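Data first, discussion second: the structure below is written as structure tokens.
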Number of protein chains: 2
Amino acid sequence: MAESATRRVSEAPRTAVGRDGVLDIAARLFREQGYGTVSLRKIAEAAGIKAGSIYYHFGSKDEIVVAVLDVGIQVVHDNMQQAVSALPKDTGAETILRAAIGAHLRALLDLSDYTSANVRIFGQVPQSVRDANLPTRRAYEAEWDTLLSRLQERGALKPDVDIRRLRLMLIGALNATLDWFDPDRGSAEALSRTYADVFLNGILERQDS
Amino acid sequence: MAESATRRVSEAPRTAVGRDGVLDIAARLFREQGYGTVSLRKIAEAAGIKAGSIYYHFGSKDEIVVAVLDVGIQVVHDNMQQAVSALPKDTGAETILRAAIGAHLRALLDLSDYTSANVRIFGQVPQSVRDANLPTRRAYEAEWDTLLSRLQERGALKPDVDIRRLRLMLIGALNATLDWFDPDRGSAEALSRTYADVFLNGILERQDS
DNA sequence: CCGAGCGCCTAACAACTGTTAGTTAGGCGA
DNA sequence: TCGCCTAACTAACAGTTGTTAGGCGCTCGG
């Protein structure tokens, strides 16, 4: 009894956690621990409520996961779209690509638990959940395809590269950073530059003979 | 009883499944479904035995997973090492890198359920299992670092790229193909060429003015 | 000041998890 | 033929999972 009294006073603010609170916690836990090992009871405990209470806000665990996945894509999509459209009309291809790459990487590594959770758990989640997230995902992919196609038509990109494949390679490579990126070892900003350097110009020392 | 008799005759060869049989099945299931959703009972059923029987060959589920992870790295390590060392001594940097990239991708996409399982589930597995797999992993990483360093010292690679980071980028990008590669849409061989093209020379159309 | 309802809690369920103990059928060497 | 070893099997355990039903307190509009 002393416990519950203490808990009331010391740690629990009287404000409700709410749907968004649960979602934030879930996104963070999914990002940190993956899908399978994060149970509703873990989410509830981290949110300071009990497992059953989650069902006041969500109809099922899958509903939570789908929500997290969708928000994750929306954040990175908005971020990338806005970064590119903020550039002057006559911006060169290289600058545009650097902006898009930077925006994606920033959302993934700095900005959003939702985006990193999406990348982390998408491959672990039941088929039905993946399907529910697909439309949102496709929209972001289309954004990239449009961007890359425009640059290729302009003659800025090599003409023989398949756009779909290029997009898969690029986003795949960027997303893979989530497995090893350590903010203590270097900023996302610097990493973004390195990725752009490599993808734009390659790693071979050019023998301009 | 009819059941068990039928089963005996029709599907179960009288030869024992054995430790290797269980391991093969486990690798395939882990590759296909991830770590969390594959239970010992699923592995047992796919192998045609009962869950408890697995404990004759392995001391725990983690022991199975560690074995799968280790074999996965060893396969890709051997494959890459052999592909590179098979080349003549005076082979150019570009050819060497293409061979290494091709070997890694082939092990991942064509050759081995163990290697693909490793890439797929490493991030989902308990910390202790990851730790057990680390030595094997580090040896493969060192192999790449040695290769890349030698090429850089030779002057074949741009001198300002950090080797560790380059290796992380490269392997990360290659491993990411596992999420979307579809053998019906193109061979691993062709994909390997595209990856080498992009990493070696970049995607920008060169204006050699 | 009172009722409505929002946001949470308690308790339990059935299913599933990894794991253990004890048992058994069959083949091989002595 | 005897006895051992291999590779299974059966049955149960304790814990965890997602999920449901019903109840309780606090806040706010009338």
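Here the structure is a predicted model, which means the values were calculated and not measured. Protein chains get the first letters and strands the later ones, always in sequence-line order, with residue 1 at the start of each.
Ring geometry for A/Y140 against A/H104 counts as parallel: the plane angle stays under 30°, on a 0 to 90° scale with 60° as the upper cut.
For DNA chain C, the neighbouring residues in residues 58-69 of chain B, judged by any heavy atom under 4.0 Å, are B/S60, B/K61.
Applying the 4.0 Å criterion to OP1 and OP2 of D/dT17, one finds that A/S39 has a side-chain N or O inside that range. The shortest distance between the side-chain N/O atoms of A/Y55 and the OP1/OP2 oxygens of D/dT20 is not below 4.0 Å.
Geometrically, A/R19 does not engage A/Y56 in a cation-pi contact, judged by NZ or CZ lying under 6.0 Å from the ring centre and within 45° of the ring axis. Stacking of B/R120 on the aromatic ring of B/Y35 is not recorded, the 6.0 Å distance cut-off and the 45° axial limit not both being met.
At a threshold of 4.5 Å between non-hydrogen side-chain atoms, the residues B/R137 and B/N118 count as touching.
A/Y35 has its OH atom 12 Å from the P atom of D/dT17, to the nearest Å.
Residues A/A100 and A/V84 approach most closely at CB-CG2, 4.0 Å, considering heavy atoms. Smallest separation of non-hydrogen atoms from A/L108 and A/L174: CD2-O, 3.5 Å.
From one end of the helix from C/dC1-D/dG30 to C/dA30-D/dT1 to the other, with five pairs defining each end axis, the axis direction shifts by 0° (rounded to 10°).
Expressed to the nearest 0.5 Å, how far CG of A/L151 lies from CD of A/E94 amounts to 11.5 Å. Within the model, atoms CD of B/Q124 and CZ of B/R130 stand 10.0 Å from one another, a figure rounded to the nearest 0.5 Å.
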Mark up nucleotides 3-14 of chain C, 5' to 3', with B wherever a protein heavy atom is under 4.0 angstrom from a base atom, S wherever such an atom reaches only the sugar-phosphate, and - elsewhere.
---SBSBB-B--
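Ion pair A/D197/A/R98 flagged as a salt bridge, since at least one NZ, NE, NH1 or NH2 atom sits closer than 4.0 Å to an Asp/Glu carboxylate oxygen.
No donor-acceptor pair under 3.5 Å is formed between the side chain of B/T95 and the backbone N or O of B/T91.
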